[in-house]
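One structure is given here, and the rest of the page talks about it.
The sequence lines fix the lettering, A, B, ..., with proteins before strands; numbering per chain opens at 1.
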2 protein chains.
Amino acid sequence: MIKRITLKEIALELNVSISTVSKSLKDSHEIGIETREKIKAFAKAHNYKPNNIALSLKNRKTKTIGVIIPEIVHHFFSIVINSIEKISSENGYNVIIAVSNESFEKEVLNMETLANAHIDGIIMSIAKETLKNQDFHHIRETIDMGIPVVLFDRVISDLKCDKVIVNDKQASKEATQTLIDDNRKNILLLTSEDYVNVGNLRTEGYLEALKDNNIVPDSDLIIKVKDKKSSQAEMSFLEDELEKILKSKKIDAILGVNEIYAGSALKVLKKNNIIVPDEISIISFTDGVISRYSSPSLSTVSQHGEIMGERATKLLIDKLTGKTDISEFKTEIIKCSLIKRESS
Amino acid sequence: MIKRITLKEIALELNVSISTVSKSLKDSHEIGIETREKIKAFAKAHNYKPNNIALSLKNRKTKTIGVIIPEIVHHFFSIVINSIEKISSENGYNVIIAVSNESFEKEVLNMETLANAHIDGIIMSIAKETLKNQDFHHIRETIDMGIPVVLFDRVISDLKCDKVIVNDKQASKEATQTLIDDNRKNILLLTSEDYVNVGNLRTEGYLEALKDNNIVPDSDLIIKVKDKKSSQAEMSFLEDELEKILKSKKIDAILGVNEIYAGSALKVLKKNNIIVPDEISIISFTDGVISRYSSPSLSTVSQHGEIMGERATKLLIDKLTGKTDISEFKTEIIKCSLIKRESS
DNA sequence: TTTGTTAGCTATAACGTTATAGTATACTAT
DNA sequence: ATAGTATACTATAACGTTATAGCTAACAAA
């Protein structure tokens, strides 16, 4: 067990005061050049590294960013985390990860844990249950404690913090329009429950596109996937619903608000020997690995998770370093882009 | 900005000493019951929370675990992280994530950063480049500093630390045997370069199975996917190689050491109108989202990332809490299991 | 009365830093 | 010779805790 050398030990060894050592290592001109060099050499030889915990205590800064996300095993979120970690480490920040598992209670706990860990700021995407409860007191309290928060993707507009979102509604509208332009009029929408604001926005975009083209929306053509204990259960719900609809309605296109929905739909279509995209074409959100490796590969709306993570982290670091005013909040909107593949 | 109340402030407010406050909150019998209760009530009313940074400085423990992984955007690793985070938070530990991006240099840097963050221990999976370089000085140094390390999946046997691995060789042998039992004799292996020990073990298992069945291995039927700048580039390398082999050799099965390889292979087969599993059947490692959503869905060898993460974290926490001896090292072997789907 | 004991509290040092203020010595200016 | 000032260092407090040792008053025992 190699113990790290401290200023005190260096001071003792070289018969100078701790102050002298500290100042020398900071190259202060208060200390004579000879002493300074001697101390620096000694410190280097003994691989001196300042104790960051002590510095944190003194400076009230930990150089650590807390991240709260609903899930890790999820293509979009893992891309965002990857990006957050990259930008953070480039700027000398550590990243503590906390997962809410879409649970309100866990999210509240996460915030407390992170605050207790004295992270300098938080980047988060809100859990489904929290959106459902419409209870954001934990976020408000954190902000009130003076901890800067940046929200991404799943965002609440009236919170006093920076936000990074995607032009969901517009992108959904455009994707739907693309389908319509391809002469598909009976478009099935696979979306999440209403309180998930992202899904909601995408639903709105879908409806607007229909309206713009004088297509009367058919509520039977909107499947709202119910939240279940497991995504497995959610998928079998979706599959059952879809099977039913295929029997009763004529549809020629599917818009999925994420690639798991779309991927599951694709499986059902194949099982029913429906050819994609000839008979039914598909566009989905989330440009992940399912879209790329399914066959036919899925056309997707990419939310550019990498850019989201980068922007969110930069916004936060700008706050932390005083580059931007603490009481001034930005909302950055990332433009989605449609990646055309075989399914449309 | 709400500042947290400190012991000092409570002491001042109630006209007692800091010691009295500290002891009262710890319910010490040195302090009279009345004073004690008064102080506890006051602390609760003012939402006193001990400053963990100060405690870390004093106790030389941060209750934080560092995790170094080659990638986050990767089904297996994200499952492991998820599991590490879960067990850690259940035990009151925070998790700092660092990504090596398969780079040796970045991994060395990561270790230093984590050591400077004074994490209590490290859980890691070694980067490809590190395996290639065969340079593990950074891991050795960390261990010598008294920081317990737990390696998972990509492991080096002669390091003095706990390890969690999978019975790769055996599982690969069994998967190959399954293919042979299905009367497939011309099995193509998609594997990684030799220095990736996991891939190597799987190759060995494949070869052993062939030998057991008196099949002479054909080196043309082993594609070693070269490391490239991007996984995109690696995949097009794989696809080109596979196309070539399809033209020159008769093959009736494919074993992939991960699902990206297998998924890419599936795409190539489809492009060539080869029916899976009738003409060629496929088994792959990594039970991820590609395997489940591709069609036909892929039979996979699951490495049980969830269990790996759990075991690794428990091993580490047992060390940290003194439950197990610091100088005693365990290697846990997780049994893979074959998940049969449509591709075989 | 003197000594001992106990209850209930306080003072201090320490964890490892840094910033502020302070001191001793030598040199310069008048 | 005296005051002023620059040089090169040191002492101290502070960040928020806790553990150890120390102190005081009250009471009991001899």
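- For the side chain to side chain contact (heavy atoms under 4.5 Å, CB included) with B:I53, the qualifying choice from A:N59, A:N52, A:L57 is A:L57, the only one to do so.
- Nearest-nucleotide assignment on DNA chain C puts the 5′-proximal partner with B:S17, out of B:A54 and B:S17.
- Side-chain proximity of B:T6 to D:dC9, C:dC9, D:dT17: nearest is D:dT17.
- Between A:Y48 and B:H29, the one whose closest nucleotide on DNA chain C sits nearer the 5' end is B:H29.
- Nucleic acid contact class of B:S56 (heavy atoms, under 4.0 Å, all strands): none.
- Atom NZ of B:K63 and atom P of D:dT17 are 18 Å apart (whole Å).
- Here the side chain of B:K128 pairs no donor or acceptor atom with the backbone of B:S103 at under 3.5 angstrom.
- Per the geometry, CG belonging to B:L55 stands 14 Å off C1' belonging to C:dA14, to the nearest Å.
- Comparing D:dC9, C:dT17, D:dT18 by their nearest atom to the side chain of B:L7 picks out D:dT18.
- Each end of the helix from C:dT1-D:dA30 to C:dT30-D:dA1 yields a helix axis from five base pairs, and these two axes differ in direction by 80° (to the nearest 10 degrees).
- Checked against side-chain hydrogen bond (donor to acceptor under 3.5 Å, both in side chains), B:S327 has the following partners two or more places apart in sequence or in another chain: B:D325.
- Taking atom NZ on B:K38 and atom C1' on C:dG8, their separation rounds to 13 Å, with Å as the unit.
- For the side chain to side chain contact (heavy atoms under 4.5 Å, CB included) with B:F152, the lone residue among B:D162, B:I126, B:V164 that qualifies is B:V164.
- The separation between A:L57 atom CG and C:dA14 atom P is 17 Å, rounded to whole Å.
- To the nearest angstrom, P of C:dG16 lies 16 Å from CG of A:N59.
- Residues in residues 78-124 of chain A take part in these ring-ring contact (aromatic ring centres under 6.0 Å, His included) pairs, two or more places apart or across chains: A:F104-A:H138.
- Here B:E310 pairs with B:K314 under the salt bridge (charged side-chain N to carboxylate O under 4.0 Å, His left out) rule; sequence neighbours left out.
- Between B:E129 and B:E102, every side-chain heavy-atom pair lies at or beyond the 4.5 Å cut-off.
- A side-chain donor from one of B:N116 and A:R4 sits under 3.5 Å from a side-chain acceptor of the other.
- Rounded to whole Å, the distance from CG on A:N51 to P on C:dA14 is 17 Å.
- A donor-acceptor contact shorter than 3.5 Å links the side chain of A:S78 to the backbone of A:H74.
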Distance-only donor-acceptor hits, side chain of residues 40-48 of chain B, under 3.5 Å, sequence neighbours excluded:
unit_1: B:K40; atom_1: NZ; unit_2: B:D27; atom_2: OD1; d: 3.3
unit_1: B:K40; atom_1: NZ; unit_2: B:D27; atom_2: OD2; d: 3.1
unit_1: B:H46; atom_1: ND1; unit_2: B:F42; atom_2: O; d: 3.0
unit_1: B:N47; atom_1: OD1; unit_2: B:K49; atom_2: NZ; d: 3.4

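- At the heavy-atom level, A:K61 lies nowhere under 4.0 Å from the strands shown.
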Quiz prompt | Protein proximity profile, nucleotides 19-26 of chain C - base contact B, sugar-phosphate-only contact S, no contact -, cut-off 4.0 Å on heavy atoms | solution = BBB-----
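- When rounded to the nearest whole Å, the span between CG of A:N116 and P of D:dT17 equals 11 Å.
- Counting to the nearest Å, the P atom of C:dA13 and the CD1 atom of B:I18 are 14 Å from each other.
- Between A:R60 and D:dG16 there is a side-chain polar atom (N or O) within less than 4.0 angstrom of OP1 or OP2.
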